[in-house]
Amino acid sequence: QRQQVESGGGWVQAGGSLRLSCDASGLSTRGNAIGWFRQAPGKEREFVAGIRWIGARTLFSSAAEDRFTISKDNAKTTVYLQMNSLKSDDTGVYYCAAGQYLRRGPDEYESWGQGTQVTVSS
């Protein structure tokens, strides 16, 4: 049994908003960076956004950069993903992961949460 990492997923109409939380204390390592990924049915896992613990440097996918924001609370060891103007294409299971570098590739991250479902109706 493992501590829950991701939370905040659910159902929302297109145009709505959700805020996801990543409690990194539930991961095997905090890492130097936290990345958010998502995976839709029948599709490969893709990078959404990421942030470094120190310096707060961020990275976004093209799909997320105009609508999503990422932030962190170092004292709580928690990273947040604020998702606005949601579209049906945003539907999927969202995961957070810790890694040494702030990169877009899933293989760059070594510790993963269990995921949280996000469903956006059209």
Side-chain angles (χ1 to χ4, degrees):
Q1 188 170 358
R2 190 179 183 182
Q3 179 181 342
Q4 181 174 323
V5 177
E6 299 96 334
S7 62
W11 176 90
V12 65
Q13 294 185 24
S17 300
L18 286 173
R19 188 180 74 159
L20 306 183
S21 298
C22 172
D23 181 1
S25 65
L27 299 172
S28 61
T29 178
R30 189 191 74 164
N32 293 324
I34 294 291
W36 281 100
F37 296 80
R38 67 188 182 191
Q39 187 165 22
K43 297 184 178 181
E44 295 184 344
R45 188 169 300 186
E46 65 171 340
F47 177 82
V48 178
I51 190 169
R52 287 179 54 84
W53 291 110
I54 300 175
R57 187 179 302 275
T58 59
L59 187 66
F60 293 91
S61 69
S62 59
E65 60 185 355
D66 294 328
R67 299 179 294 121
F68 297 179
T69 59
I70 189 168
S71 61
K72 63 185 178 69
D73 186 332
N74 288 45
K76 296 181 179 179
T77 320
T78 300
V79 173
Y80 305 96
L81 182 67
Q82 178 68 45
M83 306 188 295
N84 302 315
S85 301
L86 285 163
K87 308 173 182 178
S88 60
D89 289 346
D90 296 317
T91 294
V93 178
Y94 283 68
Y95 303 87
C96 71
Q100 182 178 2
Y101 303 103
L102 181 57
R103 302 281 172 83
R104 299 178 186 270
D107 291 344
E108 300 290 339
Y109 297 83
E110 60 192 64
S111 183
W112 292 77
Q114 80 290 333
T116 184
Q117 177 72 44
V118 171
T119 303
V120 184
S121 64
S122 59

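By convention here, the first residue in the shown sequence is residue 1. Nothing here was measured: the structure is a model prediction, and the numbers come from that model.
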- Scan side-chain atoms only and decide if S111 and S28 contain a donor-acceptor pair under the 3.5 Å cut-off. yes

- Message: Can you confirm whether or not the ring centre of F37 sits under 6.0 Å from the ring centre of W112?
- Response: yes

- Write down the atom of R38, the atom of D90, and the distance for their closest heavy-atom approach. NH1-OD1, 2.8 Å

- Pairwise side-chain contact, Q117 with T91, heavy-atom cut-off 4.5 Å (strictly under): yes

- Item | Contact check, side chains of L20 and V118, non-hydrogen atoms, under 4.5 Å | yes

- Message: Looking at every heavy atom in both C22 and I34, which two are closest together, and how far apart are they?
- Response: SG-CG2, 4.2 Å

- Task: Please tell me if the side chains of C96 and V79 come closer than 4.5 Å, counting only heavy atoms from C-beta onward.
- Result: no

- Distance, nearest 0.5 Å, that separates CZ of R57 from CG of N32: 13.0 Å

- Task: Kindly give the heavy-atom pair with the smallest separation between K76 and T78, and that separation in Å.
- Result: O-OG1, 2.9 Å

- Query: Looking at OG of S122 and CD of Q13, how far apart are the two atoms once the value is rounded to the nearest 0.5 Å?
  - Reply: 10.0 Å

- Interatomic spacing from CZ in R67 to CD in Q82 - rounded to 0.5 Å: 12.0 Å

- Dump the intermediate steps for side-chain contact (heavy atoms from CB on, under 4.5 Å) on F60 and I51, then the final yes or no. CA-CA 9 Å; F60 293 91; I51 190 169; over 6 Å; no

- Note on the structure: So OG1 of T58 and CG of L102: to nearest 0.5 Å the spacing works out to 7.5 Å

- Query: Can you name the nearest heavy-atom pair linking A49 to L81, along with the distance?
  - Reply: CB-CD1, 4.0 Å

- Message: If you count every heavy atom of other residues, nucleotides or ligands that lies below 6.0 Å from R30 atom CZ, does the total exceed 12?
- Response: yes

- Message: When you measure from the side chain of D23 to the backbone of Q4, do you find a donor-acceptor pair of N or O atoms at a distance under 3.5 Å?
- Response: no

- Task: Please confirm whether R19 makes a cation-pi placement over Y80, using NZ or CZ under 6.0 Å from the six-membered ring centre and within 45° of the ring normal.
- Result: yes

- Query: Does any N or O in the side chain of Y109 come within less than 3.5 Å of the main-chain N or O of A33, such that one atom is a donor and the other an acceptor?
  - Reply: no

- Identify the heavy atoms of S17 and N84 that sit nearest to each other, and give their distance. OG-OD1, 2.9 Å

- Task: Could you tell me whether the side chain of R104 and the main chain of F47 form a donor-acceptor pair under 3.5 Å?
- Result: no

- Task: Kindly indicate, with the supporting measurements, whether the criterion side-chain contact (heavy atoms from CB on, under 4.5 Å) is fulfilled by W53 and T77.
- Result: CA-CA 9 Å; W53 291 110; T77 320; 4.1 Å; yes

- Pair E6, Q114: side-chain N/O donor-acceptor within cut-off below 3.5 Å: yes

- Note on the structure: Nearest heavy-atom contact between W11 and S121 is CZ2-OG, 3.3 Å

- Task: Could you tell me whether the side chain of V48 reaches within less than 4.5 Å of the side chain of M83, counting heavy atoms only?
- Result: no

